[in-house]
Every structure is written in structure tokens, then in C-alpha cells.
2 protein chains.
Amino acid sequence: MRNKTLCASISDERLAILSALGRRWRVSAGQVVTWAGDANSHCANVISGALKVSASTADGREQIVGLLFAGDFLGQLFVNEASLTVTALTDTDLCAFPRADFERALASYPRMERLLLERTMASLHEAQERMLSLGRKDARERVADFLLDLARRTGMCGAAGEIRVLIPISRGEMAGFLGLTIETISRQLTRLKSDRVIDFSRGERECVILNSAVLEAIVNPA
Amino acid sequence: MRNKTLCASISDERLAILSALGRRWRVSAGQVVTWAGDANSHCANVISGALKVSASTADGREQIVGLLFAGDFLGQLFVNEASLTVTALTDTDLCAFPRADFERALASYPRMERLLLERTMASLHEAQERMLSLGRKDARERVADFLLDLARRTGMCGAAGEIRVLIPISRGEMAGFLGLTIETISRQLTRLKSDRVIDFSRGERECVILNSAVLEAIVNPA
DNA sequence: CGAACGCTTGAACATGATCAACTCCGGTGG
DNA sequence: CCACCGGAGTTGATCATGTTCAAGCGTTCG
């Protein structure tokens with residue numbers, strides 16, 4: 001579902017018209033695409049790569065409120081000032097539109113508008129799940145949640161029920177995402193490792209889920 | 001904006017057709033409108049009253065993910081199982097639709113679909129702000145945020161810069177909303193009171209903001 | 001080689017949760 | 001009319017979880 005871009009929702013000739021509005025934009029890892037507080041002039045589709053969307057306090061605390069991958073829609077509509085900062089995690093390809101043009105175009109392509117509505121609802125749903133996490137779950141649960149989510153989305157099954165997962169972000173970004181600190185993330189991961197629930201080599205992004213039943217049990221306590 | 005219902009977006013004769021799909025539904029305070037896990041068969045507009053939308057863990061921890069007031073849209077679209085519980089906080093009037101009918105109707109009334117998209121985006125934006133709160137702000141900041149929000153929405157100005165606010169929910173619901181406990185809410189409020197920032201009489205829902213500058217300073221730290 | 005970075009680990013600390021008592025109030029029933 | 005009860009709110013003491021501060025390790029990159 002993530003891989004179906006909004007553009008795929010409209011017929012080819014119309015796509016051509018829309019594409020005329022958009023321009024290809026390459027962003028390298030670490031670059032900021034949108035600063036919170038700037039004028040909200042553009043939106044985009046993610047062609048390839050990964051980005052983080054984050055909100056921050058005035059004194060610099062950061063909470064990642066979402067991650068974007070290929071096919072996802074980037075940007076806020078109907079508001080004049082961006083409230084979020086979008087940063088590329090990897091080298092990224094975007095198809096960017098002036099926001100005003102895009103909003104106008106939406107009205108002409110009902111199928112696209114519907115698809116965007118569905119996606120926005122899905123994002124809202126994710127946000128609601130994460131509010132539950134951030135508000136009510138402890139560090140262990142948040143990390144387990146995160147790993148299972150990852151496994152569900154990208155997990156490759158290995159031998160005896162093992163699931164191999166590539167953690168796509170750094171510890172710092174995990175912390176930003178889960179509302180914790182780097183140290184807490186690290187401690188929880190090593191605890192899961194010494195409990196033989198997961199395995200990974202020091203500093204590696206590669207992670208193997210040895211016992212997903214235990215993870216499920218952490219996520220779904222009695 | 002909150003008071004403009006979706007129904008107001010379409011012309012009168014069409015409204016009549018849509019209304020034929022909907023039925024008036026009175027809910028008394030405390031009643032549950034939708035249980036998480038049930039079939040997602042209905043959605044509704046809020047005619048009057050107030051409701052809470054909450055997510056819960058299997059073991060009963062609850063996080064309120066949103067509040068609904070007159071004019072707001074109630075329900076999740078495009079999914080077959082409700083993931084959230086909706087509970088009336090006060091006696092409430094709804095205009096309820098079978099979800100399938102409503103989704104079909106959306107396609108016929110582009111103005112309504114657009115309005116719903118705008119609202120969903122606005123809800124998403126609120127959710128993002130709250131993720132920042134839940135993930136990164138301490139109790140004092142969350143309470144200050146909440147009071148200022150309330151003041152902005154419903155505040156009546158009094159004499160010397162005072163703002164009178166009626167807190168529409170119990171301490172328990174504030175706690176559920178802010179991701180804290182009842183005791184923490186109480187302590188933060190009495191602390192603000194002894195700091196002469198707000199005033200209220202024991203147990204009263206009426207609250208006066210004496211010094212909104214201090215609240216702003218708490219919300220927007222150096 | 002040295003510096004920088006990502007990650008881990010340890011120790012001390014702080015914040016908010018938990019447990020428990022108590023007040024205030026409104027309703028209910030003797 | 002008053003005694004009783006239950007719910008909402010407050011307050012205090014203790015405790016646990018996660019943060020903060022600090023150090024150290026292993027890699028990579030200049």
C-alpha cells in the first residue's frame with residue numbers, strides 16, 4: 001500500500017498534466033526539506049528514500065511524529081505555515097509541487113482526493129496508536145512495539161521462527177521516535193538481547209528476533 | 001469553525017437526501033457510543049454535547065486521543081473494526097449514519113469530502129502537537145498547555161487581563177488526556193494556584209487565569 | 001594517528017506513579 | 001433532620017522508572 005503513490009491513482013494523461021506541475025528533487029541524507037515555521041509553500045510525493053517528520057519545542061527537544069517512505073505524501077495542506085520539520089534520513093527522491101497548485105489539482109481529480117483522504121485517515125490512526133504509546137506505555141513496551149512493527153512491515157523470515165529485521169534508523173532516531181533517550185533505548189535492547197528475545201552484534205543495525213512470542217507478550221500484557 | 005457541521009457544506013435539497021440516511025441519536029453522559037474492537041458500522045456528526053475518544057491497552061490503561069464537540073465528525077472511515085472507544089462526557093445529540101452509506105455519499109458530494117479532508121488534516125495536526133506533549137513535555141508544561149488551549153477556545157476575558165475558564169472535564173479525564181495521573185494533575189494545579197498564576201476554589205471546575213504570561217513562559221521555555 | 005561518531009554501560013538523581021489517608025460535598029434513607 | 005455513603009479532589013510518603021552525567025569502546029574518516 002505504501003508503494004502505491006498518489007500519482008498512480010489517476011489516469012496516464014492526467015498524470016502527465018500533474019507531473020508538469022511537479023519537479024524532481026533530490027535530497028541527500030541529513031538535509032532538511034522543510035523547517036517548522038517557514039512558509040508552507042510546497043508538498044511532495046516520496047519517490048524513494050526515507051525521511052523523518054518531527055515537532056520540536058522552542059528549547060530544542062524533538063519528537064519524531066512520523067516517518068515517510070517511498071509512495072508517502074509529504075506536507076501539510078490548507079495551512080500557511082509549516083509546523084513540522086522534515087529531514088531526509090537517507091538520500092531521497094521527491095516529486096514536489098507548489099502547494100497551491102496541488103490543492104487546486106486535488107479538486108479536479110476526485111480519485112486522488114479520495115486516496116489522500118484515506119491516507120490521512122490512516123496517518124491519523126497511526127498517530128492515535130502512538131499517543132497511547134507515548135502517554136501510557138513504558139520503555140520496554142515501546143521498544144517491543146517498535147520491533148514488532150518493523151518485523152511486520154519489513155521482516156524477512158529465517159529458520160526456526162526467527163525474523164531478520166534491518167533497523168532503518170539510528171538509536172538517536174529511535175529515541176526521538178519513541179519519546180525516550182538514547183541510553184534507555186540501548187539498555188532496553190541489550191536487556192532483550194540478554195533475555196534471548198533478540199540478537200544483534202554491537203553497533204549493528206541488523207537485528208534478529210529470536211522469540212517473537214515474548215515480544216507479543218510484552219506488547220500485550222495480561 | 002467547530003460549529004460548522006459537515007452537513008452545512010452541501011446544499012439544502014442534498015442535505016435532505018443525506019439526512020434521510022442519518023438518524024438522530026441521543027446519548028446520555030457516561031454512555032459508550034463505540035467500543036474499540038466492535039464492528040465499525042456507523043459514523044456521526046456531533047449535534048451538541050461533548051465526547052471523549054480513547055485508546056486503551058489490553059490491561060486497561062487508557063489514553064484519551066481526542067475530544068469531540070458540536071460540529072465535529074465522529075468515527076473512523078475505511079476500516080472494518082473500530083480501534084477506539086468513544087464515550088459521551090455530557091448528554092449528547094448525534095446524527096448517525098451507516099458508515100457504508102456515508103462513504104458512498106462522500107463520493108457524491110465533493111464539497112463535503114473536501115471539508116472532511118480539511119478536518120482530518122486538522123485532527124492530524126492536533127495529534128502531532130500532542131505527540132510532542134506526551135513524548136517530550138513534563139507535567140507542568142502539559143497542564144499549562146492545556147489551560148492556555150482552553151482559554152484560547154472558550155476563555156472569557158475578565159477585568160485586569162484575567163481570563164475565566166470553565167474546565168469541561170474532571171481531573172481524571174484531564175489526566176487521561178495529558179498522559180498523567182489524577183494526583184499529578186491536582187498537584188500541578190495547586191502549585192500554579194499557590195504561585196498566583198491561576199485561581200480556583202477547591203473542587204470547582206471554574207478556573208481563573210491570573211497571569212497568562214507565566215503560563216506562556218512555561219509553555220515556551222527559554 | 002587522532003578526532004568524531006555511534007553505541008554501550010555505570011552511578012546518581014529527579015520526576016511522576018503508586019499507595020494511602022483525609023476533606024468536602026451531594027444524595028439517600030432512616 | 002441528620003447519619004451514612006460514595007465520588008471527586010487534595011495532600012503526603014514512598015517507590016520506580018527513566019533521565020542525566022560521565023566514562024569507555026569500536027569504527028570510520030581525515
Side-chain angles (χ1 to χ4, degrees), chain A residues 28-30 52 57 59-63 87 89-90 132-147 166-195 198-207 218 221, chain B residues 29-30 52 57 59-63 87 89-90 133-147 166-195 198-207 218 221:
Chain A
S28 48
K52 66 173 178 178
T57 59
D59 62 345
R61 284 166 287 171
E62 177 196 53
Q63 175 65 46
T87 311
L89 295 171
T90 66
L132 178 59
S133 259
L134 295 171
R136 299 294 176 199
K137 296 189 184 174
D138 64 23
R140 193 169 166 75
E141 291 172 301
R142 293 187 209 182
V143 171
D145 260 338
F146 181 79
L147 291 175
L166 188 68
I167 299 178
I169 56 178
S170 70
R171 296 287 187 270
E173 281 144 1
M174 271 185 76
F177 193 71
L178 298 178
L180 298 167
T181 59
I182 293 179
E183 294 94 328
T184 300
I185 299 288
S186 187
R187 280 185 249 270
Q188 293 297 332
L189 286 175
T190 55
R191 176 159 170 222
L192 286 172
K193 183 173 163 187
S194 56
D195 289 352
I198 63 174
D199 194 25
F200 59 95
S201 352
R202 200 187 166 78
E204 280 307 322
R205 294 285 176 82
E206 184 91 25
C207 172
I218 294 171
Chain B
K52 66 172 179 178
T57 59
D59 63 344
R61 285 167 286 171
E62 178 196 52
Q63 175 66 49
T87 311
L89 296 172
T90 66
S133 259
L134 294 171
R136 298 295 175 199
K137 297 190 183 173
D138 65 22
R140 193 169 167 74
E141 291 172 302
R142 292 187 210 182
V143 170
D145 260 338
F146 180 80
L147 291 175
L166 189 67
I167 298 178
I169 55 178
S170 71
R171 297 287 186 272
E173 281 144 1
M174 271 186 77
F177 192 71
L178 299 178
L180 299 167
T181 59
I182 293 179
E183 295 93 327
T184 301
I185 299 288
S186 187
R187 278 185 250 271
Q188 293 298 332
L189 286 176
T190 54
R191 177 161 168 221
L192 286 173
K193 183 174 163 185
S194 56
D195 289 352
I198 64 174
D199 195 25
F200 60 94
S201 355
R202 196 186 168 79
E204 279 306 323
R205 294 285 177 81
E206 183 92 24
C207 172
I218 294 171

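Convention: sequence-line order gives letters A, B, ...; per-chain numbering from 1. The analysis underlying the following values was restricted to heavy atoms, covering all of them including side chains, and did not include hydrogens, waters or symmetry mates.
Nearest-nucleotide mapping onto DNA chain C: of A/R136 and A/S201, the residue sitting toward the 5' end is A/S201.
Per the geometry, CD1 belonging to B/I169 stands 14 Å off C1' belonging to D/dA8, to the nearest Å. Counting to the nearest Å, the P atom of D/dG18 and the NZ atom of A/K137 are 14 Å from each other. Taking atom CD of residue B/E173 and atom P of nucleotide D/dG7, one finds them 15 Å apart after rounding to whole Å.
Taking the 5' to 3' direction, DNA chain C first and last meets chain B under 4.0 angstrom from a heavy atom at C/dG16 to C/dC24.
In terms of the side-chain contact (heavy atoms from CB on, under 4.5 Å) criterion, residue partners of B/R140 (sequence neighbours excluded) are, by chain and number, B/D138, B/Q188, B/R191, B/L192, B/D195, B/I218. When the side chain to side chain donor-acceptor pair (under 3.5 Å) test is applied to B/E183, no partner is found at least two apart in sequence or on another chain. By the salt bridge (Lys or Arg N to Asp or Glu O under 4.0 Å) test, A/K52 pairs with A/E62, sequence neighbours left out. Scanning for side chain to side chain donor-acceptor pair (under 3.5 Å) contacts around B/S170 gives B/E173, with sequence neighbours left out. In this view, B/P221 and A/D59, A/R61, B/E141 satisfy the side-chain contact (heavy atoms from CB on, under 4.5 Å) rule, not counting sequence neighbours. Under the side-chain contact (heavy atoms from CB on, under 4.5 Å) criterion, A/S194 pairs with no residue at all, not counting sequence neighbours. Judged as a salt bridge (Lys or Arg N to Asp or Glu O under 4.0 Å), and not counting sequence neighbours, B/R205 has no contacts. The side chain to side chain donor-acceptor pair (under 3.5 Å) test applied to A/T184 returns A/T181, not counting sequence neighbours. Under the side chain to side chain donor-acceptor pair (under 3.5 Å) criterion, B/K137 pairs with B/D145, not counting sequence neighbours.
Counting only heavy atoms from C-beta outward, the side chains of A/R142 and A/L134 approach each other to under 4.5 Å. Residues A/F146 and A/I169 form a side-chain contact, since some pair of their non-hydrogen atoms from C-beta on lies under 4.5 Å apart.
Residue A/R142 is out of contact with every strand shown, counting any heavy-atom pair closer than 4.0 Å. Contacts of B/R191 with the nucleic acid, taken as non-hydrogen atoms under 4.0 Å apart, are absent.
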Inset, instruction - Encode nucleotides 23-30 of chain D as B, S and - characters from 5' to 3', where the letter depends on protein heavy atoms closer than 4.0 Å: B to the base, S only to sugar-phosphate, - to neither. - result: --------
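Taking every heavy atom of residues 180-190 of chain B and every atom of DNA chain D, pairs under 4.0 Å involve B/I182, B/E183, B/S186, B/R187, B/T190, by number.
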